[in-house]
Amino acid sequence: MLPTKVGKQLGHPTYSLTGWLVTKFFKWHNQILEENAVKLCNIQPNDTVLELGHGPGFGLQAAAQLLTGPEGKLLGVDYSQYMHEMASKRMKEQISRGKAVLYYSDVVAMPIEENTADKVFHCNCYYFWPDLKAGARAIHRVMKPGGIMVTTLRLDSVIKAAHMKVLTGDKWRPEVYMEALQSSGFTDVRMESKREKLITFQAIFATAVK
């Protein structure tokens with residue numbers, strides 16, 4: 001019962017004690033993953049960058065610092081109203097200047113036009129999507145040809161969560177997500193192990209082909 005409840009809060013934090021604890025977990029566990037996903041995207045000053053499942057907004061903050069050109073724009077999507085509101089407060093300056101737009105939406109239904117994003121990144125969230133292939137197709141739809149997608153995760157922690165039944169099924173397995181990306185029009189799909197501040201993590205890369 002408890003693992004299932006925790007898993008639901010990780011995928012969709014709400015206004016509750018468990019949701020509050022999840023936000024603390026995000027700060028401790030996800031911040032280094034988000035910052036490294038941003039670095040690995042090789043963001044350019046005039047890129048349009050999209051973060052999926054942005055949570056409290058740490059990755060959005062890191063990406064915004066790199067979008068210094070007049071055309072640079074940041075987009076974010078999260079289907080937790082709690083996270084959407086928290087990130088909106090964190091990014092209020094960028095939003096007020098028109099440099100950032102955040103959507104309260106799931107990945108499949110995100111109201112973003114085709115061929116919009118140069119770079120897409122997300123951390124610790126694909127295993128919560130109901131349909132990996134539908135999610136991968138939605139990402140491919142909004143990306144420009146040749147656009148780069150990066151997702152970061154700590155595979156050892158994900159495996160532990162699966163063993164504890166916090167994550168169920170096999171969607172947590174990187175190879176399952178990578179197959180969904182390949183079948184949705186991505187190429188050069190690969191996973192690499194990285195290390196930063198004594199923490200080992202994995203990064204999945206994919207290039208959108210159209």
Side-chain angles (χ1 to χ4, degrees), residues 3 6-7 9-13 18-45 47 49-68 72 74-78 80 82-83 86-91 93-94 99-100 102 117-129 139 147-164 166-167 171-178 181 188-207:
V6 172
Q9 285 291 331
L10 286 170
H12 189 259
T18 311
W20 178 82
L21 290 172
V22 163
T23 65
K24 298 301 181 184
F25 171 83
F26 282 156
K27 181 170 177 59
W28 170 72
H29 191 273
N30 273 19
Q31 192 164 1
I32 192 166
L33 293 178
E34 298 212 33
E35 290 173 353
N36 277 278
V38 169
K39 291 179 186 176
L40 294 170
C41 279
N42 189 28
I43 293 171
Q44 301 302 303
D47 277 347
V49 177
L50 166 64
E51 182 178 13
L52 303 171
H54 55 63
F58 302 121
L60 295 172
Q61 275 189 322
Q65 294 175 9
L66 303 175
L67 295 171
T68 55
L74 182 61
L75 306 174
V77 171
D78 203 300
S80 162
Y82 185 23
M83 293 293 99
M86 186 176 291
S88 295
K89 290 178 182 178
R90 188 180 300 275
M91 302 299 295
E93 179 185 347
Q94 292 86 351
K99 294 288 287 184
L102 304 186
D118 298 285
K119 309 286 168 56
V120 174
F121 69 98
H122 59 93
C123 309
N124 272 340
C125 67
Y126 70 81
Y127 11 85
F128 299 112
W129 299 347
I139 298 170
I148 302 298
M149 191 221 70
V150 177
T151 184
T152 51
L153 63 150
R154 291 177 63 180
L155 186 55
D156 57 347
S157 297
V158 173
I159 291 172
K160 289 177 184 176
H163 287 165
M164 293 172 63
V166 173
L167 299 174
K171 290 186 296 184
W172 62 269
R173 297 181 183 276
E175 60 270 25
V176 176
Y177 183 43
M178 292 167 72
L181 291 168
D188 194 23
V189 180
R190 67 192 191 280
M191 184 170 72
E192 299 177 5
S193 288
K194 306 284 183 180
R195 191 169 177 82
E196 165 123 355
K197 297 179 181 178
L198 303 179
I199 294 175
T200 299
F201 65 94
Q202 285 68 40
I204 296 173
F205 299 86
T207 301

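Atom set for the values below is all heavy atoms of this structure, side chains included, hydrogens, waters and symmetry mates excluded. The first residue of the sequence shown is numbered 1, and numbering continues consecutively from there.
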**Student:** Can you give me the closest heavy-atom contact between H54 and D78, atom names plus distance?
**Tutor:**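 Where H54 meets D78 most closely, the heavy atoms are N-OD2, 3.2 Å.
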**Student:** Quick test of your reading of the model: are E196 and K194 salt-bridged, counting only N-O distances below 4.0 Å?
**Tutor:**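 Between K194 and E196 there is no salt bridge, as every charged N stays at least 4.0 Å from the carboxylate O atoms.
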**Student:** Is a side-chain donor or acceptor of K119 paired with a backbone partner of N42 at a separation under 3.5 angstrom?
**Tutor:**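 Confirmed, K119 side chain pairs with N42 backbone.
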**Student:** What's the spacing between L60 CG and S88 OG if we round to 0.5 Å?
**Tutor:**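 L60 atom CG to S88 atom OG measures 9.0 Å (nearest 0.5 Å).
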**Student:** How many angstroms lie between CG in L102 and CG in L75, if you round to the nearest 0.5 Å?
**Tutor:** 8.5 Å
**Student:** What distance do L198 atom CG and I32 atom CD1 have between them, rounded to the nearest 0.5 Å?
**Tutor:**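 Separation between the atoms: 9.0 Å.
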**Student:** Can you see which heavy atom on P174 is nearest to which on M191, and at what distance?
**Tutor:** CB-SD, 3.7 Å
**Student:** Could you tell me which non-hydrogen atom of A37 sits nearest to which non-hydrogen atom of C123, and how far apart they are?
**Tutor:**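 Scanning both residues completely, I find the closest heavy atoms to be CB-SG, 4.0 Å.
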**Student:** Run the numbers on L50 and V77 for side chain to side chain contact (heavy atoms under 4.5 Å, CB included), then give the verdict.
**Tutor:** CA-CA 8 Å; L50 166 64; V77 171; 3.9 Å; yes
**Student:** What is the ring orientation for Y177 with H122, classed by angle as parallel under 30°, tilted 30 to 60°, or perpendicular over 60°?
**Tutor:**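 Ring orientation, 0 to 90° scale: perpendicular.
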**Student:** Could you tell me the separation between the CG atom of L67 and the CG atom of D118, rounded to the nearest 0.5 Å?
**Tutor:** 9.5 Å
**Student:** Measure the spacing between CZ of R190 and OG1 of T207 and express it to the nearest 0.5 Å.
**Tutor:** 7.0 Å
**Student:** Specify the closest pair of heavy atoms between V120 and A117, including all atoms of both residues, with the distance to one decimal.
**Tutor:**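 Smallest heavy-atom distance, with atoms named: CG2-CB, 3.9 Å.
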**Student:** Between V38 and F121, does the side chain to side chain contact (heavy atoms under 4.5 Å, CB included) criterion hold? Intermediate values first, please.
**Tutor:** CA-CA 7 Å; V38 169; F121 69 98; 3.7 Å; yes
**Student:** Please name the residue in the list V150, I204, T151 that meets the side-chain contact (heavy atoms from CB on, under 4.5 Å) test with L40.
**Tutor:** V150
**Student:** Can you give me the closest heavy-atom contact between T152 and L33, atom names plus distance?
**Tutor:**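 Reported closest heavy-atom pair: OG1-O, 2.9 Å.
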**Student:** Which heavy-atom pair separates M91 from A64 by the least distance, and what is that distance?
**Tutor:**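 For M91 and A64, the tightest heavy-atom pair comes out as CE-CB, 3.9 Å.
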**Student:** Is there a donor-acceptor pair closer than 3.5 Å between any side-chain N or O of E51 and the backbone N or O of V49?
**Tutor:** no
**Student:** Has the side chain of K171 got a donor or acceptor atom that lies under 3.5 Å from a matching backbone atom of W129?
**Tutor:** yes
**Student:** Would you say the side-chain atoms of R90 pair up with the backbone N or O of Q61, donor to acceptor, closer than 3.5 Å?
**Tutor:** no
**Student:** Can you check side chain to side chain contact (heavy atoms under 4.5 Å, CB included) on N36 and F201, steps first, answer last?
**Tutor:** CA-CA 10 Å; N36 277 278; F201 65 94; 3.6 Å; yes
**Student:** Enter the distance from Y126:OH to L153:CG here, rounded to the nearest 0.5 Å.
**Tutor:**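 Those atoms lie 5.0 Å apart.
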**Student:** Between Q202 and L155 (side chain of the first, backbone of the second, donor and acceptor by atom type, cut-off under 3.5 Å), is there such a pair?
**Tutor:**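 Checking the backbone N and O of L155 against the side chain of Q202, a donor-acceptor pair under 3.5 Å is found.
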